[in-house]
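Take a look at the structure below.
Because the structure is predicted, anything quoted here is derived from the model rather than measured.
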Amino acid sequence: MRTRSLRFRLTVWYALVLTAGLGLFGGLVWLSLRHQLIGDVDLDIEGRASRFESYLRAETAEGVGAGLRDELQEFCQALPPDSYVHLRGANGFTFHYPAGDAVAPANFRMLQRQFTVNDGVFELEVGAPITNVRHTLELLRLLLGSLIPVVIAIACLGGIWLSGRALK
């Protein structure tokens, strides 16, 4: 059986270690970016839910009554256009934004909370799309998946040259 040259074995070990290191680095970058982007969306949703709840409390304190839906619709128009809000309350009160959408769209990050206003329990669902987050992560995955092999190939060529010079 023919054994491989020392130059070849050094290059293979170098390529394996480099592949593992760059793979680990790329994976950690992807995971940390995902964590950060999803965290930003969650903070945004939490802010929307808090503002909506505060507005609802203020409007019910003023005794708006039948015009509450109109007031909530007006408030929601100040939210980003791709927002989703669903409110269920005591006595069968429901509110949807955008109007008519009773089910949250796919690719949305959702927050649910329950609170009490004037002895009535309300369930609030607020959502925001994560399509941009997924697009960004997919782009990063494609870049890492295409550039890491190129870097490894260039490094292997350099490793072959360097190990050849070192072994002379």
Side-chain angles (χ1 to χ4, degrees), residues 1-56 72 75-88 94-115 122-168:
M1 184 164 138
R2 184 172 170 249
T3 113
R4 301 283 183 187
S5 70
L6 183 58
R7 180 180 187 182
F8 177 80
R9 287 183 284 162
L10 282 173
T11 302
V12 168
W13 274 108
Y14 176 70
L16 289 174
V17 169
L18 185 62
T19 300
L22 287 176
L24 180 64
F25 172 75
L28 291 175
V29 165
W30 188 89
L31 285 173
S32 64
L33 181 63
R34 179 185 182 278
H35 177 75
Q36 182 64 43
L37 292 174
I38 293 293
D40 289 347
V41 170
D42 286 345
L43 282 174
D44 183 45
I45 294 170
E46 181 67 37
R48 292 178 195 185
S50 295
R51 289 188 301 276
F52 187 88
E53 180 182 339
S54 296
Y55 187 78
L56 179 66
L72 293 177
F75 173 82
C76 286
Q77 290 180 7
L79 295 174
D82 52 5
S83 296
Y84 172 82
V85 177
H86 178 73
L87 179 68
R88 286 183 299 275
T94 59
F95 173 77
H96 303 288
Y97 181 82
D101 287 351
V103 178
N107 291 324
F108 265 54
R109 185 83 171 171
M110 301 301 292
L111 170 78
Q112 296 178 341
R113 68 164 51 165
Q114 193 174 45
F115 56 93
F122 288 89
E123 294 176 16
L124 176 63
E125 232 182 4
V126 178
I130 57 170
T131 308
N132 290 340
V133 170
R134 288 185 180 192
H135 176 74
T136 300
L137 292 174
E138 181 64 18
L139 179 62
L140 178 61
R141 187 185 67 75
L142 288 172
L143 285 172
L144 290 172
S146 61
L147 292 179
I148 286 178
V150 171
V151 169
I152 291 171
I154 291 170
C156 284
L157 291 174
I160 289 171
W161 176 78
L162 192 59
S163 63
R165 287 192 46 104
L167 292 173
K168 277 188 181 179

Under 3.5 Å, side chain of Thr136 to main-chain N/O of Asn132, donor-acceptor pair present? yes

Might you point out which heavy atoms bring Phe52 and Cys76 nearest each other, and give the distance in Å? CE1-SG, 3.7 Å

Can you give me the closest heavy-atom contact between Ala49 and Leu111, atom names plus distance? CB-CD2, 3.6 Å

Among residues two or more places apart or on two chains, list those pairs meeting side chain to side chain donor-acceptor pair (under 3.5 Å) that have a residue in residues 16-38. Gln36-Asp40

Determine whether Asn107 and Pro129 make a side-chain contact, defined as any pair of heavy atoms from C-beta on separated by less than 4.5 Å. no

If you compare all heavy atoms of Gly127 against all heavy atoms of Arg48, which two are closest, and at what distance to 0.1 Å? O-NH1, 3.6 Å

Can you tell me how far apart CG (Leu33) and CG (Leu28) are? Round to the nearest 0.5 Å. 12.5 Å

Where do Val41 and Ala128 come nearest, in terms of heavy atoms and distance? CG1-CB, 4.4 Å

To the nearest 0.5 Å, how far apart are CZ in Arg134 and CG in Leu137? 9.5 Å

Calculate, to the nearest 0.5 Å, the distance between atoms CG and CD belonging to Leu124 and Gln114 respectively. 10.5 Å

Is there side-chain contact between Gln112 and Glu123, with heavy atoms separated by less than 4.5 Å? no

Could you give the distance from CG (Leu18) to OG1 (Thr11), rounded to the nearest 0.5 Å? 12.0 Å

Looking only at heavy atoms, what is the nearest atom pair of Pro98 and Ser83, with distance? CD-O, 3.5 Å

Taking C-beta and beyond as the side chain, do Tyr97 and Leu87 meet within less than 4.5 Å on heavy atoms? no

Taking only residues two or more places apart in sequence, or in another chain, which ones meet Leu144 in a side chain to side chain contact (heavy atoms under 4.5 Å, CB included)? Leu140, Ile148

Roughly how far, to the nearest 0.5 Å, is CG of Leu157 from CD1 of Ile152? 12.0 Å

Any side-chain heavy-atom pair from Arg51 and Phe75 closer than 4.5 angstrom? yes

Can you confirm whether Phe25 is buried at CZ, in the sense that more than 12 heavy atoms of other residues, nucleotides or ligands lie under 6.0 Å from that atom? no

A side-chain contact here means heavy atoms from C-beta on lying under 4.5 Å apart; do Val151 and Leu22 qualify? yes

Evaluate side-chain contact (heavy atoms from CB on, under 4.5 Å) for Leu162 paired with Tyr14, printing each intermediate quantity in order. CA-CA 11 Å; Leu162 192 59; Tyr14 176 70; over 6 Å; no

What's the spacing between Arg113 CZ and Phe115 CZ if we round to 0.5 Å? 7.5 Å

Return the orientation label for the His96 and His86 ring planes: parallel under 30°, perpendicular over 60°, tilted otherwise. parallel

Could you check if a side-chain atom of Tyr84 sits within less than 4.5 angstrom of a side-chain atom of Val126, using non-hydrogen atoms only? no

So which atom in Arg109 and which in Asp42 form the shortest heavy-atom distance, rounded to 0.1 Å? NE-OD1, 2.8 Å

May I ask you to test the Arg9-Leu6 pair for a side-chain heavy-atom distance under 4.5 Å? yes

